[in-house]
Amino acid sequence: MKNWKFYNALFVRVLFVMTLFLCSVLLLYKGFRFNALLVGFFVLVFLFEMYFFVKNQLLFYDKTINSILHDDFSAHFPEEHKKGNFNSLYHLYDTLKIQRQEQTSKELIYRSILNSIDTAALILEKENDSWSIFIMNDCFSNLFKVPKVGHWKYLKNYLPALCNEIENVDFAELKTAISIKIEDQDLQTFMLQTSRTQTYNKEYFIILLDSIQRVIEKKEKEAWINLMKIISHELMNSLTPIRALSQNLLHIVDQEKLEEDDFEDIKSSISTIINRSDHLQVFVENYRKLAMLPTPNKQMTQINALFEDCLRIMNPILKAEGIELINEINSSRSILIDKNQMEQVIINLITNSIHALKEKTEKQLILSSYSENNRFFIVISDNGRGVDPEIRDKVFLPFFTTRKDGAGIGLTLSKNIIEAHGGYLSYQTDAEKTDFVICLI
């Protein structure tokens, strides 16, 4: 560090001491011993002064550098140091102090964000060959009744099941379900997800835990909210015009004399009220179908026979729409199902494919099946326009439909039937093809 003021002051002191020392030697040589001793005394005084001058300079440097190394930025520079000998050191200290304050502010924000989420989060930091706890958010501490301990080995005393699960895979990344007992409560199931990351020479291990029950409750709540929105929308679409027409009828019949035009208005209003009432009745009947799905009457049914009956019904429609049917199902095996309900599912899915192919010039419908891991899969594919990204999480929602003439219960009812059989219904879609997959045990 080039500090010319310090060097100049030191040079003047050295020159002055050397001059006095030479004067003392010269006086001693000429026999003026008393004068030589007096000058020698001043030499010693100035040597001490120079020693403490250099020492104070070095002590200040050491003190400042140690503060920087230990992240202690509580010291304050005197004003003369900011412009004097320590100007460069002051700028270094001040720059690092500002950076440290910004880093601390960011850490506080990150901790605040972690503490505000509903997911239990734990971040470990690797020190040598052991893990210490870098951050434990409030949700983790409150959920598992764990104090904010500082080391992994202390956490094992509170959550041995979690720690053993992670140690068994040697702190590798995983995603699994885990059962954890919290104090004297029953075992609770959580979704465990971990990941590992490294920054510079530091390694971190992130642990996220979500209560499966809470996730299910959240999804159920969202489903109920969406369902109520749809039901409210349907009811208001019918009740609002019925109420307006009823008020109009009341106004007409309150007249002393009715004209011929009034009778036409009455007839038109009553006809509209009947139509909206019929729509409401259909809507309620569809809801009743979903809410009162009968228990499947399962019997061993041949796969080929099931699809032959379905295609006997759907083939005329497929031909009329110009859809090429590719039936790759040729299985002599039988499965335990309610044949009538399963036919309804397959017909619903084929009907959906027909509507998806409306705007296509080359129309293909592919039926296939395969077995895997003691499960039987039925795949119904089409090369239609697919499912738009904005509605992909709504396709199985009751009464949700993109068709003007649709009731919005086909996929929901199909999903409920498959789940009642102990299986599941899912779909995959892209720009070229959409697959609806039925999985049965």
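Everything numeric in this text was worked out from a predicted model, so none of it was measured. In what follows, every heavy atom counts, from backbone to side chain, and hydrogens, waters and symmetry copies are set aside. If you read the sequence from its start, that first residue is 1, and numbering goes on from there.
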Can you tell me how far [atom2] of [Y] sits from [atom1] of [X], rounded to the nearest 0.5 angstrom?
X: Y427; Y: D435; atom1: OH; atom2: CG; answer: 12.0 Å
X: M136; Y: L124; atom1: CE; atom2: CG; answer: 9.0 Å
X: I166; Y: K156; atom1: CD1; atom2: NZ; answer: 11.0 Å
X: F140; Y: K145; atom1: CZ; atom2: NZ; answer: 12.5 Å
X: S246; Y: I270; atom1: OG; atom2: CD1; answer: 9.5 Å
X: S369; Y: I303; atom1: OG; atom2: CD1; answer: 6.5 Å

Problem - Residues L349, I438; criterion side chain to side chain contact (heavy atoms under 4.5 Å, CB included); working and verdict - result: CA-CA 10 Å; L349 296 179; I438 300 169; 3.8 Å; yes

Once side-chain contact (heavy atoms from CB on, under 4.5 Å) is applied, do any residues pair with [X], and if so which ones, sequence neighbours excluded?
X: R196; value: K126, W131, F171, E173, E203, F205
X: A121; value: L114, N137, L208
X: Y110; value: K106
X: Q364; value: E324, I326, I366, N383

[Y] and [X], any side-chain heavy atoms less than 4.5 Å apart:
X: D338; Y: I417; result: no
X: Q299; Y: K339; result: no
X: S130; Y: H151; result: yes
X: F144; Y: L162; result: no
X: D382; Y: I323; result: no
X: I337; Y: K298; result: no
X: T301; Y: M342; result: no
X: L122; Y: L155; result: yes

State, to 0.1 Å, how close [X] and [Y] come at their nearest heavy-atom pair, and which atoms those are.
X: W152; Y: I133; value: N-CG1, 4.3 Å
X: A161; Y: I178; value: O-CD1, 3.9 Å
X: E165; Y: T176; value: OE2-CG2, 4.1 Å
X: R375; Y: C439; value: CD-SG, 3.8 Å

Exercise for the section: Mind running side chain to side chain contact (heavy atoms under 4.5 Å, CB included) on E167 and N164 for me, showing each step along the way? Expected result: CA-CA 5 Å; E167 286 180 352; N164 290 335; 4.1 Å; yes

Exercise for the section: Apply the side-chain contact (heavy atoms from CB on, under 4.5 Å) test between V437 and each candidate in L425, V379, I380; give the one that qualifies. Expected result: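 Of all the options given, the one that passes is V379.
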
Problem - Exceeds 12 heavy-atom contacts within 6.0 angstrom, atom OH of Y204 - result: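 Atom OH in Y204 is crowded, with more than 12 foreign heavy atoms closer than 6.0 Å.
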
Problem - Heavy atoms of other groups near E362 CD, more than 12 under 6.0 Å - result: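 Count not over threshold, so no.
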
Please answer whether the main-chain N or O of [Y] pairs with a side-chain N or O of [X] as donor and acceptor at a distance below 3.5 Å.
X: S132; Y: G150; answer: no
X: T194; Y: L174; answer: yes
X: S271; Y: K267; answer: no

Practice task
For the pair Y370 and F377, name the ring-plane relationship: parallel under 30°, tilted 30 to 60°, perpendicular over 60°.
Solution key: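 Correct class here is parallel.
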
Exercise for the section: For Y154, check ring-ring contact (aromatic ring centres under 6.0 Å, His included) against everything at least two apart and list the hits. Expected result: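 Residues passing ring-ring contact (aromatic ring centres under 6.0 Å, His included) with Y154: none at all.
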
Could you pull out all donor-acceptor pairs under 3.5 Å where a side-chain atom in residues 311-322 meets a protein atom, sequence neighbours excluded?
unit_1, atom_1, unit_2, atom_2, d
R312, NH1, D309, OD1, 2.8
N315, ND2, L311, O, 3.1
E321, OE2, K358, NZ, 3.2

Practice task
Quick one: do D138 and K148 satisfy side chain to side chain contact (heavy atoms under 4.5 Å, CB included)? Show the steps, please.
Solution key: CA-CA 9 Å; D138 291 344; K148 294 194 174 181; 2.6 Å; yes

